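No experiment lies behind these values; they were computed from the predicted model shown. By convention here, the first residue in the shown sequence is residue 1. Below, all heavy atoms of this structure are taken into account, side chains as well, without hydrogens, waters or symmetry copies.
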Amino acid sequence: MFKLQYESETAMHTLHYVMSLNREVNMDATIDFALVDLQKGELWSWKAGSMSTYILRGERLIKVDGAAAPVGFMPVFSIETEKVKLLADDYVVMVSDGLFSGDHDWDEQEQYFVNLLKESIENEIPIDILLYHLMEQYQQRYEVDDDCTIMLFNVGHVVPKWSVFKPNKKAIS
């Protein structure tokens, strides 16, 4: 048994090639791929036709955007890679395009979603129910008709009880 390892970019280019083989059928797909290195505190992001990734750091919002077309949409494929430094207590949120409706202004929907996210975190809603609460509040104002995926995680330290080291500054975390 052997294990074949691909670089992330190679895997995405291979996917584009396979999808573009059948030009008679309109086949395209968005890619929103993130790789988190918890040892270095880095998020690597690859996007092709996907929505923004939101990183909430206290009151600060960092948006990771991509401008590449979906895989299989164009004859030539390019994908952007972006690296973002993560700190302890950051919230990372990835959403699919099904969250926002074409019937309403996208910027307005995004701002409302981000404000709900900030309020939910400020109100210290436990992370295991935060998405349920967030979507319940969001759907009271905007109907979600399409399939919708939202992933959320919180970056934190795991320090064993026996450890002598205790991080005290987020900036060095």
Side-chain angles (χ1 to χ4, degrees), residues 8-9 11-36 43-87 89-155:
S8 300
E9 289 90 350
M12 289 179 219
H13 282 280
T14 303
L15 177 63
H16 170 73
Y17 173 73
V18 170
M19 290 185 73
S20 62
L21 287 175
N22 186 358
R23 296 308 301 168
E24 295 174 12
V25 178
N26 182 15
M27 287 183 54
D28 58 74
T30 59
I31 291 180
D32 197 352
F33 179 67
L35 179 66
V36 178
L43 177 133
W44 288 88
S45 176
W46 292 267
K47 292 183 171 293
S50 61
M51 299 291 289
S52 299
T53 295
Y54 306 99
I55 301 171
L56 191 59
R57 180 174 295 154
E59 289 294 314
R60 184 173 174 215
L61 177 71
I62 302 166
K63 278 178 62 171
V64 181
D65 290 320
V71 174
F73 186 71
M74 305 288 283
V76 178
F77 176 68
S78 68
I79 192 158
E80 300 170 356
T81 305
E82 188 169 342
K83 180 177 81 168
V84 180
K85 187 73 176 159
L86 294 177
L87 299 177
D89 296 328
D90 281 355
Y91 285 85
V92 179
V93 184
M94 299 172 72
V95 300
S96 68
D97 60 354
L99 178 64
F100 301 143
S101 168
D103 296 338
H104 302 282
D105 181 63
W106 278 53
D107 291 332
E108 180 184 306
Q109 292 175 84
E110 179 185 50
Q111 189 61 49
Y112 184 68
F113 178 78
V114 168
N115 287 341
L116 284 175
L117 177 64
K118 286 180 178 181
E119 288 174 16
S120 298
I121 292 170
E122 286 172 7
N123 291 334
E124 298 181 3
I125 295 176
I127 196 161
D128 56 341
I129 61 167
L130 193 134
L131 280 180
Y132 295 109
H133 171 78
L134 183 65
M135 286 309 297
E136 183 179 292
Q137 297 296 311
Y138 183 82
Q139 287 182 319
Q140 287 180 8
R141 185 166 178 178
Y142 298 108
E143 189 173 332
V144 177
D145 294 331
D146 199 358
D147 60 323
C148 177
T149 303
I150 302 176
M151 296 188 317
L152 176 138
F153 65 91
N154 179 239
V155 180

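For Glu108 and Tyr142, the side-chain atoms include at least one donor-acceptor pair closer than 3.5 Å.
Contact of the Phe153 side chain with the Val36 side chain is registered, since non-hydrogen atoms from C-beta on lie closer than 4.5 Å. Side-chain contact between Asn115 and Gln111 is present, with at least one heavy-atom pair separated by less than 4.5 Å. Counting heavy atoms from C-beta on, the side chains of Met135 and Val144 come closer than 4.5 Å. The shortest side-chain heavy-atom distance between Val92 and Leu86 falls under the 4.5 Å cut-off. The shortest side-chain heavy-atom distance between Tyr54 and Ile62 does not fall under the 4.5 Å cut-off. Looking at Leu61 and Val114, their side chains come closer than 4.5 Å, going by heavy atoms from C-beta outward. Here the side chains of Val95 and Met151 are not in contact, with every heavy-atom distance at 4.5 Å or above.
Taking the ring axis of Tyr112 as reference, the NZ or CZ atom of Arg141 stays within 45° of it and closer than 6.0 Å to the ring centre.
With rounding to the nearest 0.5 Å, the separation of CD in Glu82 from CG in Asp65 is 8.0 Å. In this structure, the separation between CD on Gln109 and CG on Leu99 is 7.5 Å, given to the nearest 0.5 Å. Here the CG-OG distance, from Asp32 to Ser45, works out to 6.0 Å after rounding to the nearest 0.5 Å. Atom CE of Met51 and atom CG of Asp97 lie 6.5 Å apart (nearest 0.5 Å). With values rounded to the nearest 0.5 angstrom, Leu117 atom CG is found 9.0 Å from Tyr91 atom OH. Between Thr53 atom OG1 and Ile55 atom CD1 the span is 7.5 Å, to the nearest 0.5 Å.
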Donor-acceptor pairs under 3.5 Å, side chain of residues 118-132 to any protein atom, not counting sequence neighbours: which ones?
{"unit_1": "Ser120", "atom_1": "OG", "unit_2": "Leu116", "atom_2": "O", "d": "2.8"}
{"unit_1": "Asn123", "atom_1": "ND2", "unit_2": "Glu119", "atom_2": "O", "d": "3.2"}

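Side chain of Asn154 to main chain of Asp90: a donor-acceptor pair is present (N/O by atom type, distance under 3.5 Å, no hydrogens or angles).
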Give the intermediate values and the outcome of side chain to side chain contact (heavy atoms under 4.5 Å, CB included) for residues Ser52 and Lys47.
CA-CA 9 Å; Ser52 299; Lys47 292 183 171 293; 5.7 Å; no

CA sep, side-chain torsions, deciding dist, call: Phe113, Val93, side chain to side chain contact (heavy atoms under 4.5 Å, CB included):
CA-CA 11 Å; Phe113 178 78; Val93 184; 4.2 Å; yes

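Closest of all the heavy-atom pairs between Ser96 and Cys148 is OG-CA, 3.4 Å.
Note: Trp46 and Phe33 have tilted aromatic rings, judged against thresholds of 30 and 60 degrees for the angle between ring planes.
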